[in-house]
Every structure is written in C-alpha cells, then in structure tokens.
**Student:** 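Below you'll find the structure I mean.
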Amino acid sequence: MDDQTRMMTGLTGLGGLAQADVGDPDSVRKQQSLGQPQQDIGDILQQIMAITDESLDEAQARKHALNCHRMKPALFSVLCEIKEKTVLSIRGVQEEDPPDPQIMRLDNMLLAEGVSGPEKGGGSAAAAAAAAAAGGSPTDSSIEHSDYRAKLAQIRQIYHSELEKYEQACSEFTNHVMNLLREQSRTRPISPKEIERMVAIIHRKFSSIQMQLKQSTCEAVMILRSRFLDARRKRRNFNKQATEVLNEYFYSHLSNPYPSEEAKEELAKKCGITVSQVSNWFGNKRIRYKKNIGKFQEEANLYAVKTAVDAANVSAQASQANSPATPNSGTTHLCYVERFTS
DNA sequence: TCGTATGATTTTGC
DNA sequence: GCAAAATCATACGA
C-alpha cells in the first residue's frame with residue numbers, strides 16, 4: 001500500500017466512524033454524557049491502526065461512504081469557513097522569491113566552462129584559454145588538451161544525468177502531491193492557489209538539492225582546471241627550429257635586441273609559441289648574454305656567418321648582374337656586441 | 001646522479 | 001608598465 005492510499009484510507013477510516021457516530025452531534029453529546037469519550041477515542045485509535053491492514057476495496061468502500069454521508073456538505077462548508085479565516089493569515093507569504101544570486105553565479109560559471117548549456121566542443125575554448133593563460137604553446141599541448149576535454153566531458157555527462165534524475169524525481173513527486181491534494185479536495189477545501197504554493201515549496205526544496213549538485217560540479221571543474229594549469233606550467237624546451245629563429249633575430253639585432261610588438265608577434269608565429277614566451281626568451285637571452293659574452297661568442301659568430309650567408313644568397317638571387325652586396329661580417333657583429341654591452 | 005641549460009616567475013629599479 | 005636581475009623549477013646530456 002503506498003503513501004497516498006494509506007492517507008486516503010486514513011481519511012475514509014475516520015469517515016466510517018463519522019457515519020456511525022461522530023457525524024451526529026446529538027449522539028456525541030449523548031455518549032459524552034454517558035461518560036464514554038475515552039473509550040470512543042480508544043476505538044478510533046484502534047480503527048486507525050487497523051487501516052493499514054484493510055484491503056484497497058475496503059478502503060474505497062469507506063471513502064465512498066464518507067463522500068455520500070448526509071452531513072458531508074455541512075462539514076465541508078464549515079471547513080470552508082475556517083479556511084477563509086486561515087487564508088487571510090497566510091496571505092502575503094506567497095510572493096515569489098527573487099532568483100538566488102548564488103544559483104545565478106553557479107549557472108554562469110557552468111555555462112562559461114561549457115558544462116551546462118550547448119556543448120562547446122567539450123570545453124575546448126576553456127582549455128585553450130587556460131593554455132594561453134599559462135603561456136603554453138598551442139602545438140605541444142595536444143595530449144593534455146584532449147585529456148582536459150575528456151575529463152570535462154565526463155563531468156558534463158555526470159552533471160546532466162544527475163540533473164535529469166533530480167528533475168524527474170521533482171516532477172514525479174510534484175505530480176504525486178498534486179494528485180493527493182486533488183483527491184483530498186473532495187473531502188476538504190483546497191484551493192488551486194494552495195496547490196500552487198505546495199508545488200512552489202517542493203520546487204524550492206529540489207532547487208536547493210540542485211544547487212548542491214551545481215556547487216559540486218563547479219568544484220570539480222575548478223580542481224580539473226587547476227590541475228591542467230599546473231601541468232601546463234611544466235617547462236618544456238622550445239624546438240630546435242624555434243630556438244634558431246630566435247637566436248637569428250637576437251644576433252642580427254645585437255645592437256638593439258629589443259623586438260617591437262610586431263616583431264614579437266611575427267617571431268611567435270614563426271616559432272609556434274606565444275608573444276609572452278618570446279618576451280621571456282629575449283629577457284633571459286639578453287641577461288645571460290650580457291653576463292657571459294665569452295661563452296656566447298662562438299654562438300654569436302655562428303649566427304653572424306649564417307646571417308651573412310643568407311643575405312648573400314638573397315642578394316645573389318635578386319641581382320646576379322650587379323656587384324654582390326657586402327655581407328654581415330664577424331667584424332660588424334663584434335661592433336654590435338660592443339654597442340649593446342657598453 | 002649531477003651539472004648545466006633553459007623557460008618561467010618574482011623582485012627590483014626606473 | 002617595462003626591462004633587468006635574481007631565483008625557481010625542470011629538462012637534458014654525460
């Protein structure tokens with residue numbers, strides 16, 4: 001026997017009593033004057049306890065009996081009067097609550113992280129943003145990137161399945177309560193407003209559970225994100241070609257090894273790294289070069305020769321007829337070195 | 001395993 | 001705010 005039936009049988013059980021004795025005030029008065037109220041209450045309690053043992057048919061019969069009782073309309077109107085008075089006292093409690101700012105914050109965050117709302121490629125945008133924030137290269141992060149996306153997708157899936165469960169449970173419970181109230185409204189006065197209020201109460205309760213789910217999901221995303229950022233922080237050497245490009249620029253601009261923003265962007269593009277990594281690289285290079293010119297001399301000469309050869313090739317291709325332009329020589333490089341370090 | 005190289009971060013000075 | 005300098009943390013080769 002489910003709760004609803006039990007409650008209804010409870011009502012009908014009392015209805016049965018009403019039919020016999022309670023319905024008639026004169027008979028009650030008579031019994032009280034005879035000194036039997038305590039025994040009656042005992043009987044009532046006993047009958048209430050016996051309700052759960054009754055079959056559904058018996059319960060239905062009792063319910064029917066109550067609904068057909070001659071005193072029912074009178075009882076109903078009395079209840080309506082009482083209701084009218086109590087409704088006055090509970091008015092003003094029914095204003096709709098403004099949207100909870102905490103829920104709004106959680107919703108916004110889940111939306112931004114790609115957990116709720118339409119799928120944004122499993123949060124690749126968030127992953128890319130995290131990678132950019134950490135100054136990572138877009139090429140060397142593919143493994144961690146897909147890992148992040150997979151984990152975020154997992155969180156998303158769990159979140160949605162839990163949310164669906166809560167919503168289903170909420171709607172089932174709401175329907176159940178509404179049916180119960182509608183059923184009871186045949187016996188006692190229940191206004192649609194009251195049913196609405198009850199539904200709102202249920203929704204509030206369920207939304208607080210939902211908030212807990214959202215909170216846990218946000219925490220999970222935060223943990224994942226911080227782990228991902230930590231992983232990105234791991235130092236990785238630039239590839240050989242990138243280092244060559246940077247060194248070439250550095251040694252060919254030794255007199256002023258401070259690339260402009262445009263030059264940094266160009267270098268970043270060529271090397272497959274970020275502008276801030278280019279800045280870091282030049283910062284480190286300048287200081288280390290300055291500290292130990294001797295150690296970098298060989299490298300400097302190497303790049304000076306390389307630059308000279310490249311320049312010669314370009315000029316030879318451009319004008320074979322003209323006399324070859326004087327390439328950047330080691331002497332020129334030494335001249336730059338003096339100017340930068342002085 | 002250790003020393004060095006190197007990218008990133010923090011501190012400092014202008 | 002930017003660059004220099006110091007420092008940290010990790011990669012890498014012997």
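Chain identifiers are assigned alphabetically (A, B, ...) following the order of the sequence lines, protein sequences preceding nucleic acid strands; residue numbering begins at 1 within each chain.
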**Student:** Rounded to the nearest angstrom, tell me the gap between atom CG in A:Asn280 and atom P in C:dT7.
**Tutor:** 18 Å

**Student:** Compare side-chain N and O positions of A:Gln277 against OP1 and OP2 of B:dG7 and report whether any pair is under 4.0 Å apart.
**Tutor:** no

**Student:** May I have the distance from A:Lys240 (atom NZ) to C:dA11 (atom C1'), rounded to whole angstrom?
**Tutor:** 16 Å

**Student:** Kindly indicate whether the side chain of A:Asn284 and the base of B:dA8 share any N or O donor-acceptor pair separated by less than 3.5 Å?
**Tutor:** yes

**Student:** Does A:Met198 have more than 12 heavy atoms from other residues, nucleotides or ligands lying within 6.0 Å of its CE?
**Tutor:** no

**Student:** How many whole angstroms separate atom CD of A:Glu244 from atom P of B:dT6?
**Tutor:** 13 Å

**Student:** Would you say A:Lys295 reaches B:dT4's phosphate, i.e. side-chain N/O to OP1/OP2 under 4.0 Å?
**Tutor:** no

**Student:** Let me see the working for A:Glu299 and A:Tyr251 under side-chain hydrogen bond (donor to acceptor under 3.5 Å, both in side chains), right down to the final yes or no.
**Tutor:** CA-CA 9 Å; A:Glu299 189 181 64; A:Tyr251 288 113; 2.4 Å; yes

**Student:** Can you tell me if A:Lys291 touches the phosphate of C:dA6, counting only side-chain N or O atoms and a distance under 4.0 Å to OP1 or OP2?
**Tutor:** yes

**Student:** Does a sphere of radius 6.0 Å around NZ in A:Lys285 hold more than 12 heavy atoms from other residues, nucleotides or ligands, not counting ones at 6.0 Å or beyond?
**Tutor:** yes

**Student:** Mind calculating the distance between CD1 (A:Ile287) and C1' (B:dG13) to the nearest angstrom?
**Tutor:** 13 Å

**Student:** Could you tell me whether A:Gln215 atom CD has more than 12 heavy atoms of other residues or ligands within 6.0 Å of it?
**Tutor:** yes

**Student:** Rounding to a whole Å, what distance do you find between A:Arg236:CZ and C:dC12:P?
**Tutor:** 9 Å

**Student:** What is the distance from CZ of A:Phe238 to P of B:dT6, rounded to the nearest Å?
**Tutor:** 11 Å

**Student:** Phosphate oxygens OP1/OP2 of C:dA11: is one of them under 4.0 Å from a side-chain N or O of A:Asn237?
**Tutor:** no

**Student:** For the residue pair A:Cys170 and A:His203, what are the closest heavy atoms and their distance?
**Tutor:** SG-CD2, 3.4 Å

**Student:** According to a strict under-4.0 Å criterion, is A:Arg286 in side-chain N/O contact with OP1 or OP2 of C:dA4?
**Tutor:** yes

**Student:** I need the CZ-P distance between A:Arg288 and C:dA6, as an integer number of Å.
**Tutor:** 12 Å

**Student:** Counting any heavy atom closer than 4.0 Å, what does A:Lys285 reach on the DNA or RNA strands: base, sugar-phosphate only, or nothing?
**Tutor:** nothing

**Student:** Rounded to whole angstrom units, what separation is found between the CZ atom of A:Phe282 and the P atom of B:dT6?
**Tutor:** 15 Å

